[in-house]
Colleague: 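Below is the structure I would like to discuss, written out as structure tokens.
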Amino acid sequence: MLPTAKALLASLALLSSLTLIAAQGTTCNITTPCPSSAPCCSEFGFCGTGHFCLGGCNPLASRSLDSCMPEPLCQNAEHTFPDLSRIHTNATYYGGNATAWDWVLDKGNVINTNTSGGELALLLTETNGGTRISSTRYLHYGKVTATLKTGRWNGVVTAFITMSDIKDEIDWEFPGSATTEGQTNFFWQGVIPAQTDGTTEKGLDDTFSNYHDYTVDWQPDTLTFSIDNKVVRTIQRSDHIDSAGISHFPSTPSRIQLSLWPAGINTSAPGTIDWAGGMINWDDPDYTTAGHFYALVKSVSVTCNDPSPAGTNMTSYVYGTNSSSMTPSIAFSQLTTVNSALGGKELANAWATLLVASAAAMFGALVL
Ligand SMILES: *[C@@H]1O[C@H](CO)[C@@H](O)[C@H](O)[C@H]1NC(C)=O
Ligand SMILES: *[C@@H]1O[C@H](CO)[C@@H](O)[C@H](O)[C@H]1NC(C)=O
Ligand SMILES: *[C@@H]1O[C@H](CO)[C@@H](O)[C@H](O)[C@H]1NC(C)=O
Ligand SMILES: *[C@@H]1O[C@H](CO)[C@@H](O)[C@H](O)[C@H]1NC(C)=O
Ligand SMILES: *[C@@H]1O[C@H](CO)[C@@H](O)[C@H](O)[C@H]1NC(C)=O
Ligand SMILES: *[C@@H]1O[C@H](CO)[C@@H](O)[C@H](O)[C@H]1NC(C)=O
Ligand SMILES: CC(=O)N[C@H]1CO[C@H](CO)[C@@H](O)[C@@H]1O
């Protein structure tokens, strides 16, 4: 059973109460944007400068539409993980250079098992609170396939999602208690629908023991989910237009995120714990033997499909005002995505505090 919006709200309330003590304190949202002294509204809804203006920075809740750094442009890619050299291991010091890095470790620990030429292991321990990596580049429509093996433990959730800075979200999620199932979902601008749009695909061939290709094919008018190239679900934008003519369909540039997160812990809402298959057993022999739970990622392929081709020398996406009801316009720009003040210099006290966040909020606020 999926947890309710109430469970989500409870976890967000927990997040706010924990993070209110953060150094930069000021909260932000679309009705109360950031002040000019700390113009950027982070993914967690707190105002700041520096890395607050990079991945996850919400333009609509920041001081102005151009407060956040421009978002690195999509590039077709076949990401593999022969080693960790393309992953920046501390989001605080990543300065926005998407040429230097393909991924940023937002939280947790990764290792490279390098068995069959390299696989990335996302680790969960009792103390690390889970692991999440985000792509440095954004995707403004396109097809993404992640080839991965999920966790298999109650309360441990493997996720492969896309998430925009205004919280358009597309999910593949795998609660570890059901290794023959995968769940799909999508959200528009963080709005929780009255009735969930989530569905569960059943009868998969053991997602822990076998690699499968999970695909999100996100196009301007359709969203298709596939497993091993077989379409399992199709959503039409035209079926998600409300009575005011507003399309509740993801439409803004999004980062790709892969995570392994602890839903079955006592700070989670009861609905979240149930959904994930119960509390995590930290005495599980898999855990005590290895010292961690894990999920493995073999590759992530990206085929961009921008609605219009990017002209020569374009490097980034920027937000403009709403072009149609509630949908911000997105433009290409030649502006740099690199914050020259960052990249090894910034001290991170505020960010460190922000990392004390509830798992559901960290790993995709609306994963539920
Ligand atoms: C936005 O933030 C302000 C100030 O923290 C708060 O009073 C208000 O309730 C928030 N609005 C929403 C929709 O969350
Ligand atoms: C970004 O990284 C690339 C590769 O490491 C480097 O050549 C380039 O100068 C960097 N760009 C900036 C603006 O720092
Ligand atoms: C990144 O660096 C900051 C400051 O040194 C530290 O507090 C934080 O834990 C680091 N993050 C990760 C994911 O290692
Ligand atoms: C929650 O779990 C932690 C350790 O996993 C424990 O220290 C703490 O006492 C528990 N809290 C409650 C309210 O059960
Ligand atoms: C692209 O950038 C190069 C190098 O800066 C410049 O010579 C060229 O004129 C630019 N092209 C366009 C179409 O702006
Ligand atoms: C623009 O869209 C945002 C949400 O994306 C909404 O809050 C705002 O009211 C819209 N503004 C206009 C002028 O339609
Ligand atoms: C870090 C590391 O050992 N990488 C190796 C992983 O495996 C590939 C293929 O066997 C090697 O080429 C890498 O050097």
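Indexing begins at 1, ligand by ligand and atom by atom, following the structure's order. Note that the structure is predicted; figures quoted are calculated from it, not measured. Index from 1, following the sequence.
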Colleague: Report the nearest protein non-hydrogen atom to atom 3 (C) of ligand 1: residue, atom name, distance rounded to 0.1 Å.
Modeller: Thr32 OG1, 3.4 Å

Colleague: Counting from 1, what ligand 2 atoms have a heavy atom of Asn97 closer than 4.0 Å?
Modeller: 1 (C), 2 (O), 3 (C), 8 (C), 10 (C), 11 (N), 12 (C), 14 (O)

Colleague: Which ligand 1 atoms are under 4.0 Å away from a heavy-atom of Thr27?
Modeller: 5 (O)

Colleague: For the pair Glu43 and Arg132, find out whether any cationic side-chain nitrogen is under 4.0 Å from an anionic carboxylate oxygen.
Modeller: yes

Colleague: Just jot down the ligand 5 atoms closer than 4.0 angstrom to any heavy atom of Thr312, in number order.
Modeller: 13 (C)

Colleague: Is Lys298 positioned over the aromatic face of Tyr211, cation under 6.0 angstrom from the ring centre and no more than 45 degrees off axis?
Modeller: yes

Colleague: Which of these, Thr147, Leu296, Val297, sits in a side-chain contact (heavy atoms from CB on, under 4.5 Å) with Glu119?
Modeller: Leu296

Colleague: Quick one: look at Ile30 and ligand 1, take heavy-atom pairs under 4.0 Å, and tell me if it's side chain, backbone, both or neither.
Modeller: neither

Colleague: Less than 4.0 Å between a side-chain N and a carboxylate O, is that true for Arg152 and Asp206?
Modeller: no

Colleague: Answer yes or no: does an N/O atom from Thr99 fall short of 3.5 Å to an N/O atom of ligand 2?
Modeller: no

Colleague: Starting from atom 8 (C) of ligand 5, which protein heavy atom do you reach first, and at what distance in Å?
Modeller: Asn313 ND2, 3.6 Å

Colleague: How long is the span from the SG atom in Cys41 to the CD1 atom in Ile30, to the nearest 0.5 Å?
Modeller: 10.0 Å

Colleague: On a heavy-atom basis, I'd like to know which of Thr26, Asn29, Thr31 is closest to atom 6 (C) of ligand 1.
Modeller: Asn29

Colleague: Which residue and non-hydrogen atom of the protein lie closest to atom 13 (C) of ligand 2, and at what distance in Å?
Modeller: Val338 CG2, 3.8 Å

Colleague: Verify whether the ring centers belonging to Phe293 and Tyr287 lie closer than 6.0 Å.
Modeller: yes

Colleague: List ligand 2 atoms under 4.0 Å from Ala100, heavy atoms only on the residue side.
Modeller: 2 (O), 5 (O)

Colleague: Answer yes or no: is there a side-chain heavy-atom contact under 4.5 Å between Val300 and Trp103?
Modeller: yes

